[in-house]
Amino acid sequence: MNLHLKGKKAIVTGGSAGIGLAIAQLLAEEGVEVTIPGRSAKKIDEILAKLPAEILSSISAVEADLTNAEGVKTLAAAVPETDILVNNLGIYDSKEFGAIDDETWFRYFETNVMSGVRLSRHYFPGMLKRNEGRIVFISSEAGAEIHPDMIHYGVTKTSQLALSRGLAELTKGTKVTVNSVLPGPTRSETVDTYMKEWVGKPDATSEEVEKIFFEKRFPGSLLQRMAENREVASLVAYLASPLAAATNGAVLRAEGGILPTLF
């Protein structure tokens with residue numbers, strides 16, 4: 001499918017693995033010049049080297065730690081403008097609420113929320129001035145239905161939804177859009193490890209772990225399996241395209257039907 005994105009520029013944060021890498025790859029396949037910022041440009045380059053040769057020239061790395069203001073300044077200096085900003089950078093873990101100290105709360109906000117705030121603050125005005133642009137926040141179904149063992153994570157993901165909607169309100173009458181995507185459990189090495197720990201059956205196969213996990217943790221899931229990264233990335237690529245011009249200020253679900261009602 002031609003998404004009419006050839007020649008556009010995009011920044012995908014958290015783009016060295018999982019959903020972020022799938023988004024970067026799919027955008028590159030559509031002819032987008034993609035920048036992936038990260039703490040180690042060398043590490044990102046090593047990851048990118050494993051991608052198909054035909055898109056390697058379309059993806060580049062910039063060494064910038066986006067969990068602090070200086071890192072955002074570094075990226076902005078290297079890439080002053082962009083057509084598409086995908087705020088995908090995020091961290092998560094499972095922790096009992098009483099054990100989440102202030103330092104952890106601040107680290108989660110700096111990473112999951114403030115990275116998107118600072119990047120949007122830099123790139124959003126240029127989009128409005130050019131009357132063209134896309135910002136997509138990768139939130140989570142946990143932002144709509146907070147998990148009791150991941151309250152700190154859920155709070156930051158809900159914050160992203162508020163930020164996204166607020167920015168969208170500033171686009172009235174323009175060709176700029178700001179939207180959020182809610183992935184559910186999506187396949188990655190980290191999520192696989194989390195599932196095994198949560199299920200607590202070390203001798204179970206990966207297939208058995210996934211089945212038990214969904215039956216007990218997400219019984220309402222209509223998908224009843226992990227989503228693949230590219231399945232989420234395809235929705236993001238569409239939102240980044242001119243084809244999604246009428247979709248703005250929206251929260252789009254890619255969580256496999258875990259949420260029982262529209263959000």
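Heavy-atom contacts from other residues, nucleotides or ligands closer than 6.0 Å to CZ of R39 number 12 or fewer. Environment of CD in E189: sparse, with no more than 12 heavy atoms of neighbouring residues, nucleotides or ligands closer than 6.0 Å.
Under the 4.5 Å side-chain contact rule for hydrophobic residues, Y123 and I84 do not share a cluster. In terms of hydrophobic clustering, with Ile, Leu, Val, Met, Phe, Trp and Tyr side chains grouped at heavy-atom distances under 4.5 Å, I19 and L252 are assigned to a common cluster. One hydrophobic cluster, built from ILVMFWY side chains closer than 4.5 Å, cannot hold both V236 and I11; they sit in different ones. Hydrophobic clustering (side-chain heavy atoms under 4.5 Å, transitive across Ile, Leu, Val, Met, Phe, Trp, Tyr) groups L170 together with L119.
To the nearest 0.5 angstrom, N248 atom CG is 4.0 Å from T171 atom OG1. In this structure, M114 CE and T156 OG1 are separated by 13.0 Å, a value rounded to the nearest 0.5 Å. Atoms CG and CZ, on L167 and F137 in that order, are 5.5 Å from each other to the nearest 0.5 Å. Atom CG in L48 sits 7.0 Å away from atom CG in L21 (nearest 0.5 Å).
Contact detail for S139 and K157: the closest heavy-atom pair is OG-O, 3.0 Å. Residues P260 and E145 come closest through the heavy atom pair CD-OE2, 3.9 Å.
Every residue two or more places apart in sequence or in another chain that forms a side chain to side chain donor-acceptor pair (under 3.5 Å) with S180 is listed here: S164.
Checked for salt-bridge contact, E169 and R165 meet the test: a charged N lies under 4.0 Å from a carboxylate O. A salt bridge links R118 with E110; the closest basic N to acidic carboxylate O contact falls under 4.0 Å. For E81 and K129, the salt-bridge test fails: no basic side-chain N is under 4.0 Å from an acidic carboxylate O. Ion pairing between a basic and an acidic side chain is recognised when a charged N comes within 4.0 Å of a carboxylate O; E210 and R187 show such pairing. Contact check on E228 versus R230 returns no salt bridge, with no Lys/Arg side-chain nitrogen under 4.0 Å from an Asp/Glu carboxylate oxygen. For E70 and K73, the salt-bridge test passes: some basic side-chain N is under 4.0 Å from an acidic carboxylate O.
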Practice prompt. Assess whether side chain to side chain contact (heavy atoms under 4.5 Å, CB included) is satisfied between V176 and F124, documenting all intermediate values.
Written response: CA-CA 9 Å; V176 179; F124 184 60; 4.0 Å; yes
Discussion item. One pair to check against side chain to side chain contact (heavy atoms under 4.5 Å, CB included): L5 and L27. What are the steps and the verdict?
Written reply: CA-CA 8 Å; L5 285 170; L27 290 176; 4.0 Å; yes
Worksheet item: When you look at S140 and Y92, which way does the side chain to side chain contact (heavy atoms under 4.5 Å, CB included) test go after all the steps?
Response: CA-CA 11 Å; S140 166; Y92 67 91; over 6 Å; no
Worksheet entry | Worked check of side chain to side chain contact (heavy atoms under 4.5 Å, CB included) between R121 and V72 | CA-CA 10 Å; R121 191 165 56 203; V72 172; over 6 Å; no
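Of the residues listed (E33, E132, E30), the one engaging K8 in a salt bridge (Lys or Arg N to Asp or Glu O under 4.0 Å) is E132, and it is the only one.
Under the 30°/60° scheme for interplanar angles, the aromatic rings of Y108 and H152 are found to be tilted.
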